[in-house]
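In what follows, every chain begins at residue 1, and chains take the letters A, B, ... in the order their sequences are listed. These numbers come from the heavy atoms of this one structure, side chains and all, not from hydrogens, waters or symmetry mates.
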Amino acid sequence: MTTDAPAPEALEVVSTGPLATLQDLGRPGLAHIGVGASGAADRGALRLANRLVANPEGAAAIEATLGGLAVRAGREVVVAVTGAPCPVTVDGAAAASHSVVRVPAGAELRLGVPRSGLRSYLAVRGGLAVDPVLGSRATDVLAGLGPDPLTAGTRLPVGPPPERFPCVDLAPVEAPVSGELTLRVVPGPRAEWFTQAALDALLSSAYEVTSESNRVGMRLDGPVLERVRAEELPSEGMVAGALQVPPSGQPTLFLADHPVTGGYPVIAVVASRDVDRAAQARPGQRVRFTASPSRASRHRTY
Amino acid sequence: MRFLRCADHGLLVELADLDEVLALYAALRAEPPPGVTDLVPAARTLLLHLAADADAGGVERAVRAAEPTAGSQGGDELLRVPVVYDGADLDEVAELTGLTRREVVDRHTAAEWTVAFGGFAPGFGYLAGGPPELTVPRRAESRTRVPAGAVGLAGEFSGVYPRESPGGWQLIGRTELPMWQVDRDPPALLRPGVRVRFEEVS
């Protein structure tokens with residue numbers, strides 16, 4: 001990581017909270033050499049943060065987990081915080097999330113603990129300009145690719161500002177729910193490896209997000225999903241949103257840094273429009289799955 | 001050929017065997033159907049990752065229409081991998097296969113292997129095409145630490161650990177050739193389709 005950029009151009013990390021990483025839209029197209037896409041866990045929130053400061057949507061920003069992030073501006077910067085809505089302060093003065101915020105040179109920007117949701121995104125006008133790895137500045141915590149997770153003292157260079165200027169001050173969005181979260185799933189690709197009772201349980205019971213959850217995936221706790229086929233599944237490609245069921249019968253919901261391939265059957269997959277919402281679920285929160293009418297089923301006629 | 005949907009994220013194509021997977025992969029990878037962002041070959045399947053606006057039905061039709069190019073799994077590239085055969089599991093592999101240590105090494109070096117697919121870690125390749133006599137189970141217990149460059153066997157495959165990691169393969173040797181370097185182009189020496197010959201060095 002480029003950490004020796006001249007101070008006036010840099011953001012300096014003061015504190016990180018539980019985990020703060022750099023993320024962009026990742027490095028798709030490299031799965032054949034074992035490199036997953038990675039990138040922001042809540043891609044919509046990253047895109048929004050960048051749009052607010054008129055960056056390209058895929059510019060690198062900070063993904064903060066459960067708040068606690070503080071950065072000091074080496075020069076005046078324009079930022080936006082999206083995702084899990086958290087208290088934002090600039091040198092102690094309250095500012096708003098989901099809005100365009102000016103941070104004067106030398107001032108400290110702080111993100112408090114979000115009221116709901118898990119991951120907040122701090123985009124800086126100009127983007128965070130560390131050296132890309134395989135075309136991306138995203139940290140893949142499973143593959144160990146990209147910049148190291150941020151630590152206090154890390155200096156982050158800021159790129160040149162884009163030509164366009166921010167054209168909105170505020171982006172009204174629905175905050176992540178703090179109670180039970182409902183996610184739409186499509187059964188398969190390996191639903192037939194499970195009993196009908198398992199499918200029924202998946203679609204009718206609540207599962208709790210356990211503390212064994214990270215950017216790779218969320219371990220869920222709920223009714224055991226029993227298999228009808230006991231043999232080993234030859235490893236196969238995995239997608240974000242997959243509900244993979246290991247021998248314990250408790251599903252894992254894969255997120256951005258999921259393994260490229262896996263050897264346990266996937267009972268169902270969270271629809272892409274709900275994966276961002278899944279990535280905002282906190283440990284302890286309850287998740288319910290409902291069957292999404294598959295767009296696929298309409299294409300089965302030929 | 002069977003198509004299994006992964007919601008709107010992907011299309012998992014199930015095939016009869018590894019040869020069919022590699023033939024379809026070879027047919028699609030030069031010019032993937034529109035909307036396909038990534039191709040993941042595996043032992044019996046080829047996963048096509050789809051962009052958010054992809055037409056899954058159109059992709060499925062394109063895959064059905066593709067003409068698998070058997071025997072041309074990429075290529076001409078032949079990678080020679082120098083190996084010191086002093087792996088910790090060489091005796092166990094000899095015992096499991098009923099061969100001598102010498103015969104294990106001779107068979108491993110005599111074969112022309114082909115990278116079938118990746119997936120375990122960046123730069124790791126499952127090498128297929130070895131002699132059936134070298135088929136061995138994984139170790140009953142995984143090692144918590146396998147060094148980078150360790151050459152192993154598991155099932156019908158051989159492989160080289162691209163970096164230090166946990167692992168359950170039977171280790172027969174080691175190579176100094178760096179399989180994965182993020183700042184090299186290409187970063188991975190072992191890419192699907194690359195042919196591999198192991199050469200004994202001391």
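Heavy-atom distances place both the backbone and the side chain of B:Ala43 under 4.5 Å from chain A. There is no contact between A:Ala242 and chain B, counting heavy-atom distances below 4.5 Å. Within the 4.5 angstrom heavy-atom criterion, no atom of B:Phe3 approaches chain A. For B:Leu39, the part lying under 4.5 angstrom from a heavy atom of chain A is the backbone only. Proximity to chain B is limited to the side chain of A:Val133, based on heavy atoms less than 4.5 angstrom apart. Heavy atoms of A:Arg184 lying under 4.5 Å from chain B are absent altogether. When heavy atoms are compared at a cutoff of 4.5 Å, A:Leu134 approaches chain B solely by way of its side chain, counted from C-beta outward. For a residue to count as touching a neighbouring chain, one of its non-hydrogen atoms must lie under 4.5 Å from one of that chain's; by this rule A:Leu142 touches chain B with the backbone only. Contact annotation for A:Val185: neither backbone nor side-chain heavy atoms come within less than 4.5 Å of a heavy atom of chain B.
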Taking only distance into account, with no hydrogens and no angle test, what donor-acceptor pairs under 3.5 Å do side-chain atoms of residues 36-49 of chain A form with protein atoms, sequence neighbours excluded?
residue : atom : partner  : partner atom : Å
A:Ser38 : OG   : A:Thr139 : O            : 3.4
A:Ser38 : OG   : A:Arg215 : NH2          : 3.3
A:Ser38 : OG   : A:Asp257 : OD1          : 2.7
A:Asp42 : OD1  : A:Gly44  : N            : 3.4
A:Asp42 : OD1  : A:Ala45  : N            : 3.0
A:Asp42 : OD2  : A:Gln280 : NE2          : 2.9
A:Arg43 : NH2  : A:Leu25  : O            : 3.3
A:Arg47 : NE   : A:Glu57  : OE1          : 3.2

Check residues 150-159 of chain B and write down every donor-acceptor pair under 3.5 Å in which the side-chain atom is one partner and the other belongs to a residue at least two apart or another chain.
residue  : atom : partner  : partner atom : Å
B:Ser158 : OG   : B:His108 : NE2          : 2.9
B:Ser158 : OG   : B:Gly152 : O            : 2.9

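Checked for salt-bridge contact, B:Arg145 and B:Glu164 meet the test: a charged N lies under 4.0 Å from a carboxylate O. Using a 4.0 Å cut-off between charged side-chain N and carboxylate O, B:Glu60 and B:Arg5 make a salt bridge.
If you tally non-hydrogen atom pairs under 4.5 Å between each of B:Leu47, B:Leu4, B:Asp185, B:Asp38 and chain A, the highest count goes to B:Asp38. Residue with the most contacts toward chain B among A:Ala268, A:Gly241, A:Ala240: A:Ala240 (heavy-atom pairs, distance under 4.5 Å). Put simply, of B:Ala42, B:Gly119, B:Pro122, the one with the most heavy-atom pairs under 4.5 Å next to chain A is B:Pro122. Comparing A:Val275, A:Val270, A:Val266 by how many heavy-atom pairs each has under 4.5 Å with chain B, the most go to A:Val270. Residue with the most contacts toward chain B among A:Pro187, A:Ser235, A:Ala143, A:Pro28: A:Ala143 (heavy-atom pairs, distance under 4.5 Å).
Side-chain atoms of A:Arg288 come within 3.5 Å of backbone N or O of A:Ser204 as a donor-acceptor pair. Judged by distance alone, the side chain of A:Asn214 and the main-chain N or O of A:Gly217 form a donor-acceptor pair under 3.5 Å. No side-chain donor-acceptor contact under 3.5 Å links B:Arg191 to the backbone of B:Val115.
Contact of the B:Arg184 side chain with the B:Pro178 side chain is registered, since non-hydrogen atoms from C-beta on lie closer than 4.5 Å.
Remark: B:Arg2 engages A:Glu192, B:Glu14 in a salt bridge (charged side-chain N to carboxylate O under 4.0 Å, His left out) (not counting sequence neighbours).
By a heavy-atom distance cut of under 4.5 Å, B:Gly123 are the residues of residues 123-138 of chain B near chain A, going up by number.
Residue-environment remark: CD (A:Glu180) exceeds the threshold of 12 foreign heavy atoms within 6.0 Å. More than 12 heavy atoms of other residues, nucleotides or ligands shown are found within 6.0 angstrom of CZ on B:Arg44. Annotation for A:Arg219: atom CZ does not count as buried by contact number, only 12 or fewer foreign heavy atoms lying within 6.0 Å.
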Exercise. Any chance you could lay out the side-chain contact (heavy atoms from CB on, under 4.5 Å) test for A:Phe289 and A:Leu220, step after step, and finish with the verdict?
Key: CA-CA 12 Å; A:Phe289 299 102; A:Leu220 303 177; 3.7 Å; yes
